[in-house]
Each structure stands twice: as C-alpha cells, then as structure tokens.
Amino acid sequence: MKNPYLCSMKIVLAFDSFKGCLSAQEVCRAAKDGILSVRKDAEVVSVPLSDGGEGLVQCFLRMGKAREVSVKVHGPLMEEVEATYAISHDGEIAYMEMASACGLTLVPEERRNVMDATTYGLGEMMVDAWERGVKHIVLGIGGSATCDAGMGMLEALKSQHFLSGDTSKRVLPQPQNRCRRHRLTDIDDIDQPTSTTSVLTVACDVDNPLFGELGAAHVFAPQKGATPEQVEMLDRRLRAFAMATEEKGLALPEDAFYPGVGAAGGLGYALLTYLGAELKSGIEVVMEACGFDEALRGADMVLTGEGCSDCQTLYGKVAAGVLRKAKEQGVKTVLMSGQVKEKEALMAGGFGRLMCVNEGDGRPLEVLMLPEVARENIRRTCQRLMEDFR
C-alpha cells in the first residue's frame, strides 16, 4: 500500500444510507466535502451502496444501468400505491425493492398490523415487469411490513396466470377479508411458474430461517408491531406453510432453514421454493454490479458506514461486504457511522478504525438525525480523519 504521508491518496467512499436521515449518495457527498477541504490532492471515488433493502434501485439508477418506471399496485394493507422500480436500457433486467410495494414505511405507525399486511403488491410489480418483456429480476427484499411468507405475492402471480393452476376461483383480496390470504387453502392449487417467468435473483441482507426462535416471526415481526401472542401465531403459520409446500413436492424440509428464507416475513421462502429464486447476499449483488473491485484497486483507504453499527454489522451488511473486499486487496477500512456500539467486536472483525460522526455532539438524537446536522457532522469527522495525514 502507498504511504499516504508522501503522496496523493486514493480514498474510496462506500457508504450505506443513514436510515431516516441521509441516502448513501448524500453520505458520500458529505464525506467527500470533508476530505477535500483538508486534502485537496486526494483522489476520492464515491460508490454509494445498498445491502438489498433501501436504496437498491437507486444504486442501479445512479450507475446509469437502468431507467425508472412506475406502476400502481396494492400496498401492504391493500390500498393503492405507486411502486417504482428500474429496467435496464436493453429491457432485459428489472431491479426492484419489495419495499416499494409492501414496505413498512408505506403504513402509518398507528395503522401497522403485521397480521393483515400482504405482499400482494410485489406480485403485481413483478407481473408488470414480465409483461414488459423482462427476462431477469433482481429483487431486494429488505424493509417489509409483512409476515405472510409471500402468500400475497403468490396470490397475485396466480391470478395473473404467472403460476400454473386453475384461476377460476381466484379473486382480489379485499381489506375486510385480509385473513383469507393466510389460509393454507390459498396455495392448494398453486404450483410451479409458467414458462413466461424469468430468472430471479434475490438480494437479501439477513440469513434467518423461516420459523423458530431465529425465524421471521420471532426476530422481525415485533419490529412491525406484533405482540408476543401474534408472534407465536405467525410462527405457527410459517411452519404450516412450509409443511404444505413440502407436501406439494415443491420443497425439502431443509429449505425452511436455507439462509435468508426468513427475510421479509418469510418472503424469501416463497421466492426460493415456488419461483426457484437464487438468494444471494444483497451487498454482494450490488458490489458485483457496480464493479466495486475495480473501484477499490490502488486505494489507500476505504470509508464505509451506516446509521448505527454494532456486531450485526459484520453479518451481511454493507460495511461487512466492503471490509471483505478491502481485505482481499490489502486496503485499510475505516468504519464511520452515526452510532458505533460493541466496538471490541467490530475491531476484532477487522476494521482498521472506528469513528462515530456524532462524537462530542451532545444534542438529542432527533436533532442529530436532521439531514443538515448529519451532513455537517460527517464532513467534520472526515476532516478530523484527514488531519492525521497532513
């Protein structure tokens, strides 16, 4: 590695979004401003990233790989929403976030009810892409409001003839009858995809199984408003859904424990077993698409981070993917986040330095998360980092 004290530095900025505050692109921009205010000779390469959840589509749009399209679909509670996704310029690949159709942020906090929330709109969005001639869908499944194991999605695909079976009895679920989407009879006549479906790559940032203590209900449903009693009910539904799928010959018992099938309330399981999707680390999908290895080549340092870092950062998050790639090329990795917890675990994981952008700023969290405040604190933190190399 070059000696940064003696020559111009190459610094790669590879941040995730600071959720609820700044996009990944905005974080990179603030960091670049701070670096260049001290080291005007630095070569700064910005590569905003996503782990498969919020920001996935924007990553591909910023790379110039696709154009944005929109479609009206049914949201988590069957209300009409406008979902956006991206299609490559040759029309072959669609880049989607399930959260655009069924995300938690689409439901006001006072109306959140994971027992009712459905993935139906995701199915409609996928159908829209296939009807446009798309051959390959890259789908991020973070940020969902749901825990329906993808049954709503299957219902939508079935009703539009993208899954085989008799559609004569299929009707659009109505808000007053949402519970029907959770009945196992909803999948009795759903089989494999028809020949019109495409390759499906799922970008996922967790490795949880479908059910059990580490499954979709127990780990994620409480974050979506589920009570302990509802968590147990949802877990039983997920187990029953797996058994019914196995009985149809579409899955093996071990598929319920395949890494990532518990993501998005069990959506990963339906995508794997009914649609034959390939589940991959979200950050790996994005880094491969954006040519991250090449961007990192010859760098002296890479800065990465997120809103809050802790030991979970080391498992499938953007910073973990960046760290792994940086280690391969012998590049020092600095973790720079809004909050930094469990520092010993993060240092043991291989980060060369940990920096909290809010260090020394005692204002309340709601103030620190204001975009203008966050931008300034990121800028100052990067200034402080660069002072070490003057």
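Salt-bridge formation is detected for the pair Glu288/Lys280: a Lys NZ or Arg NE/NH1/NH2 atom is positioned less than 4.0 Å from an Asp or Glu carboxylate oxygen. Under a 4.0 Å N-O distance rule, the pair Arg39/Glu387 does not qualify as a salt bridge. Comment: Asp293 does not engage Arg297 in a salt bridge, judged by the lack of any side-chain N to carboxylate O separation of less than 4.0 angstrom. Salt-bridge formation is not detected for the pair Asp33/Arg29: no Lys NZ or Arg NE/NH1/NH2 atom is positioned less than 4.0 Å from an Asp or Glu carboxylate oxygen. Ion pair Arg380/Asp361 not flagged as a salt bridge, since none of the NZ, NE, NH1 or NH2 atoms sits closer than 4.0 Å to an Asp/Glu carboxylate oxygen.
Atom NZ of Lys325 sits in a crowded spot, with more than 12 heavy atoms from other residues, nucleotides or ligands closer than 6.0 Å.
The hydrophobic clustering, which links ILVMFWY residues whose side-chain heavy atoms are closer than 4.5 Å, places Phe162 and Leu272 together. Leu267 and Val73 fall within the same hydrophobic cluster, defined by Ile, Leu, Val, Met, Phe, Trp and Tyr side-chain heavy atoms under 4.5 Å apart, directly or through other members. No continuous path of ILVMFWY side-chain contacts below 4.5 Å connects Ile35 to Leu335, so the two sit in separate hydrophobic clusters.
In this structure a side-chain-to-backbone donor-acceptor pair under 3.5 Å is missing from Lys341 to Gln339. Judged by distance alone, the side chain of Glu97 and the main-chain N or O of Val57 form a donor-acceptor pair under 3.5 Å. Using a distance-only test at 3.5 Å, with no hydrogens or angles considered, no donor-acceptor pair links the side chain of Asp207 to the main chain of Gly260. A donor-acceptor contact shorter than 3.5 Å links the side chain of Ser23 to the backbone of Glu26.
For Thr84 against Ser70, the heavy-atom pair with the smallest separation is CG2-CB, 3.9 Å.
Under the 3.5 Å distance criterion, with hydrogens and angles disregarded, no donor-acceptor pair is assigned to the side chains of Thr146 and Lys224. Looking at His74 and Glu124, their side chains do bring a donor and an acceptor atom within 3.5 Å of each other.
Proximity of Ile93 to Val138: side-chain heavy atoms (C-beta onward) are separated by under 4.5 Å at one or more points. Side-chain contact between Leu346 and Asp310 is absent, with no heavy-atom pair separated by less than 4.5 Å. In this structure, Met355 and Arg384 have side chains that are in contact, with non-hydrogen atoms separated by less than 4.5 Å.
Between Phe211 and Phe257, the distance separating the two ring centers is shorter than 6.0 angstrom.
The aromatic rings of Tyr269 and Phe241 sit perpendicular to each other, their planes meeting at more than 60°, with 30° as the lower class boundary.
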